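Reviewing the structure listed below.
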Amino acid sequence: MIDFDNELNEAQREAVTTTEGPVLVIAGAGSGKTRTIVYRLAHLVNQGVDPAQILLLTFTRKASQEMLARAESILGRSLHTASGGTFHSFSYATLRMNSADIGFDNGFTLMDRADSENICKDVRDEMGLGKGDRSYPKKATLLDMITKSRNKELPIDAIMEREAYHLSPYLEDMLKISDGYAQFKREHALVDYDDLLFLLDKLLATNEPLRNQLQARYRYIMVDEYQDTNLVQARIVKHLAGTRGNVMAVGDDAQSIYAFRGANVANILEFPKIFEGTKIVRLEKNYRSVQPILDLTNEILKGATTKFDKHLYSDLKSDTLPQVVHPLSDQTQARLVVDQILELGRRYMLHDVAVLFRAGYQSFPLEVALTRIGIDYQKFGGIRFHEAAHVKDVLSYIRLVLNPHDLLAWQRAMEHIKGVGPKTVAKIYRAMHSGLENDKKYMAKMLKKHEPLQELLAELNRLRSTVQKPSAVLEAVLAFYQPILIEKYPDDYPKRQAGLEQLSQIAVGYTEMEQFIGDLSLDGDPEDEKRKENAVVLSTVHSAKGLEWSAVIIIDLVEDRFPSRKAMQRAEDLEEERRLMYVACTRAKRELKLFVPGSVYNRASGMSDPTLPSPFVLELPDSVFERLNESYGGGLEQRRRAYEPPAPVLARNEDEGPSPEPAAPKADPSKLGFCKHKIFGRGKIIAQLESNKFRVNFPGFGLKVIIGDYLELL
DNA sequence: TGCCTCATAGTTTTT
DNA sequence: CTATGAGGCA
């Protein structure tokens, strides 16, 4: 039997044992949210609920697998019949079983981001839009607008007006491309990530028998990270739960970090309105972090404009404060972080130490440094396994077996044939599907001209005609692809080959090809599956959500990086960055180190640019952290004086008012750029204080006030 | 039409 | 520095 009294606090116990009716759990960071879900799973099964009646929707597949596994170990029995996964994977599975009902009589294919972008490009070319316009929105931008509009369920012009005003000259074009994109998908039986959710919503809204069937099956629904659901996901939950549904939503409004994807914090706040009689449970006591870390994270939340009714507290004591470290540059930052990792490695297992950053590329210098010194690491976020070119090549054959109308897959599969490009592929595609006499002749001609095309079609026919297990199909495809792989990637094909072998290993666990393909695109990253022992973790903050480590290092805490430059324009975006910072810091259990490099490499100029510390660090009161500086010898020393805060930089030019006199000969006040100083070297001018006095940030030296005569403008 | 070269712009986050 | 896309040549 499970000892709920000892394992859970009162609030947790209430959430666990309230199994009937809607429950909303507002769970602060580290308050035992996962524990609550795990014990609730166990409790339900203990009460005699059939695991098959449980649906657990989480944000990543990994999260749901972990929770189910933990519940299994508590119960000592298997829960493999319980349904768990992401909204997207659940949608995919449900839609696949009902594909005819949503207008795909012959099934459909799930696309990834790159596929979607390429369609945008094709549609644009097809319509002949923006020819010769170098500043025309890129395919990634086009798709961004389209999916944002869908996820927020607002028209494109509204999105544009609110967050991409500079694109408004292209509004008309974008509307056309958006329509063309939708049409292309329909014609080729393709479905993107957003479609999964919208199609399921529509299916549930219109197909009453199915809805009833699912409502009857899933008597207990749990949704994790509810603050990051968007409107359509909320509707899906509503459909599944029915009117008297037993649904538990768990989330933390202070940790909402997916607004860019349409996540709507209002969902969690309105949950009690949608589900009448909702019982609200608040988990406020923190069991993860030592109090000094919580003192710091509470400060971060204090600066938020949307006030959160939260003040985390903990019984865990510590006499060491979180650290703010100022390396001279991002290069030395990498070295100092490696030193820190080695040092932390004496106290913790390396996989219990994480380095977090805002964007995937920010870890590159660190990855180099770690590799050089021989420390193993595991990276989360950034490029994914299924996005690698060779994997997509292989999958294209399989996609063609499943869906011969998948034009994107045809393009990929024929790419390597010499003399065949996108136009020819389109022609061949049309010819293959029309069956007209002329087209047959054209096909015959092409087959004669391109021998590899013959081989490809023969191989596909062979695969189509025999029903085989995914692993067998994959084996055949890999054999066929082998020569192409070697030809296409002569430099590194052994490495890619190894990746493909990994792919076929995963396939062994599947009986259905569609499921295999779907899982792969819906976050089935095999690298993630095997959690490396004793490898330090590198992760984007987004991918770190819901995880925890004994020691956490956050790097690149400077303006334009964290917060991201793109988020500096709108107050709303900056708020999300703040919550992101909050999420990052609350991952730490015992030690937290914030790195603020004095300069960062700028690949546009090929030089190091001086930085401004992140506002999230600047606003922290001195009492909640200890400050360390990199000394010129390369070590760290405690800084005695408080850091001199720079002048507000919001209105860099206008701030100081018009200059009373003509500019000093060497300093042009209209241009606050870079300068050089005899002693301090290169620096960035942040503000003009008087006609001939400037505030300058010198990498490694901090902010100085300098007379213009001593500066050489660059 | 395909393929190569050169210019240019621009760096989030994820299912 | 790298990805994207325009433009030229075969």
Side-chain angles (χ1 to χ4, degrees), chain A residues 57-63 85-92 110-114 116-118 120-121 124-125 130-144 147-148 150-151 191-198 225 228-230 232-233 256-263 356-362 364 380-384 386-387 414-415 417-428 449-450 518-525 539-545 556 560-568 573 576-577 579-581 583-584 600-607:
Chain A
L57 294 172
T58 55
F59 218 65
T60 62
R61 221 167 37 124
K62 196 168 50 157
T86 61
F87 274 92
H88 290 86
S89 66
F90 176 73
S91 297
Y92 181 72
L110 176 65
M111 303 183 290
D112 67 7
R113 167 96 200 182
S116 299
E117 286 184 1
N118 289 333
C120 288
K121 172 93 171 65
R124 181 195 145 182
D125 288 349
K131 273 207 162 134
D133 180 357
R134 284 202 174 271
S135 54
Y136 201 85
K138 306 255 171 290
K139 58 182 183 178
T141 313
L142 296 172
L143 184 67
D144 268 350
T147 64
K148 223 167 213 175
R150 298 197 71 202
N151 277 293
V191 157
D192 67 15
Y193 290 127
D194 303 332
D195 292 328
L196 289 177
L197 303 178
F198 284 99
E225 309 282 10
D228 283 325
T229 55
N230 61 18
V232 63
Q233 286 170 322
S256 158
I257 55 174
Y258 279 93
F260 71 91
R261 195 168 108 177
L356 306 183
F357 33 86
R358 177 66 180 83
Y361 72 90
Q362 286 169 4
F364 293 159
F380 296 97
I383 333 106
R384 304 189 132 49
H386 73 268
E387 286 167 356
M414 292 189 204
E415 207 174 44
I417 301 174
K418 272 259 174 266
V420 176
K423 293 276 182 189
T424 311
V425 173
K427 264 194 196 163
I428 294 175
K449 192 167 159 194
H450 303 290
D519 281 3
L520 216 53
S521 311
L522 296 168
D523 102 342
D525 199 325
S539 175
T540 59
V541 181
H542 283 90
S543 297
K545 193 168 78 154
D556 278 357
D560 288 356
R561 293 226 175 168
F562 198 165
S564 152
R565 166 193 290 209
K566 296 211 171 182
M568 303 280 291
D573 292 339
E576 179 145 318
E577 299 286 310
R579 294 192 297 268
L580 206 49
M581 176 71 179
V583 168
V600 292
Y601 181 73
N602 176 343
R603 69 170 179 233
S605 64
M607 302 178 74

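Just so it is clear, the model here is predicted, and its values are computed rather than measured. Each chain gets a letter, A, B and so on, in the order the sequences are listed, and its residues count up from 1.
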Please tabulate the protein-to-nucleotide N/O contacts below 3.5 Å involving nucleotides 2-4 of chain B, giving atom names and distances.
unit_1, atom_1, unit_2, atom_2, d
B/dG2, OP1, A/Gly421, N, 2.5
B/dG2, OP1, A/Gly421, O, 3.4
B/dG2, OP1, A/Thr424, N, 3.2
B/dG2, OP1, A/Thr424, OG1, 2.1
B/dG2, OP2, A/Lys423, N, 3.2
B/dC3, OP1, A/Gly419, N, 2.9

Among residues at least two apart in sequence or on other chains, which ones pass side chain to side chain contact (heavy atoms under 4.5 Å, CB included) with [X]?
X: A/Lys449; result: none
X: A/Asp192; result: A/Met111, A/Ser116, A/Arg150, A/Tyr181, A/Lys185, A/Asp194, A/Asp195
X: A/Ser89; result: A/Thr86, A/Leu522
X: A/Ala63; result: A/Thr58, A/Thr60, A/Met67

For the side chain of A/Glu577 and the backbone of A/Ser564, is there at least one donor-acceptor N/O pair under 3.5 Å apart? yes
Do NZ/NE/NH1/NH2 and the carboxylate oxygens of A/Glu117 and A/Arg113 come within less than 4.0 Å? yes
Regarding A/Tyr258, tell me which of base, sugar-phosphate or nothing describes its non-hydrogen contacts under 4.0 Å with the strands shown. sugar-phosphate
With sequence neighbours left out, write down each residue that passes ring-ring contact (aromatic ring centres under 6.0 Å, His included) with [X], or none if nothing qualifies.
X: A/His88; result: none
X: A/Phe59; result: A/Tyr258
X: A/Phe357; result: none

Rounded interatomic separation in angstrom, taking [atom1] from [X] and [atom2] from [N]:
X: A/Leu520; N: B/dT15; atom1: CG; atom2: P; result: 13 Å
X: A/Arg61; N: B/dT14; atom1: CZ; atom2: C1'; result: 15 Å
X: A/Asn230; N: B/dT13; atom1: CG; atom2: P; result: 20 Å
X: A/Arg261; N: B/dT15; atom1: CZ; atom2: P; result: 7 Å
X: A/Glu576; N: B/dT13; atom1: CD; atom2: C1'; result: 8 Å
X: A/Tyr193; N: B/dT13; atom1: OH; atom2: C1'; result: 15 Å

Detail all sub-3.5 Å separations between protein N/O atoms and N/O atoms belonging to nucleotides 2-7 of chain C.
unit_1, atom_1, unit_2, atom_2, d
C/dA6, OP1, A/Arg124, NH2, 3.0

What nitrogen or oxygen pairs link the protein and nucleotides 8-10 of chain C at under 3.5 Å?
none

Considering residues at least two apart in sequence or located in another chain, which fulfil the salt bridge (Lys or Arg N to Asp or Glu O under 4.0 Å) criterion with A/Arg261? none
Under 4.0 Å from any atom of DNA chain B, heavy atoms only: list the residues of residues 85-92 of chain A that qualify, in numerical order. A/Thr86, A/His88
Of the candidate nucleotides B/dT11, B/dT13, B/dT14, which contains the atom at the shortest distance from the side chain of A/Arg113? B/dT14
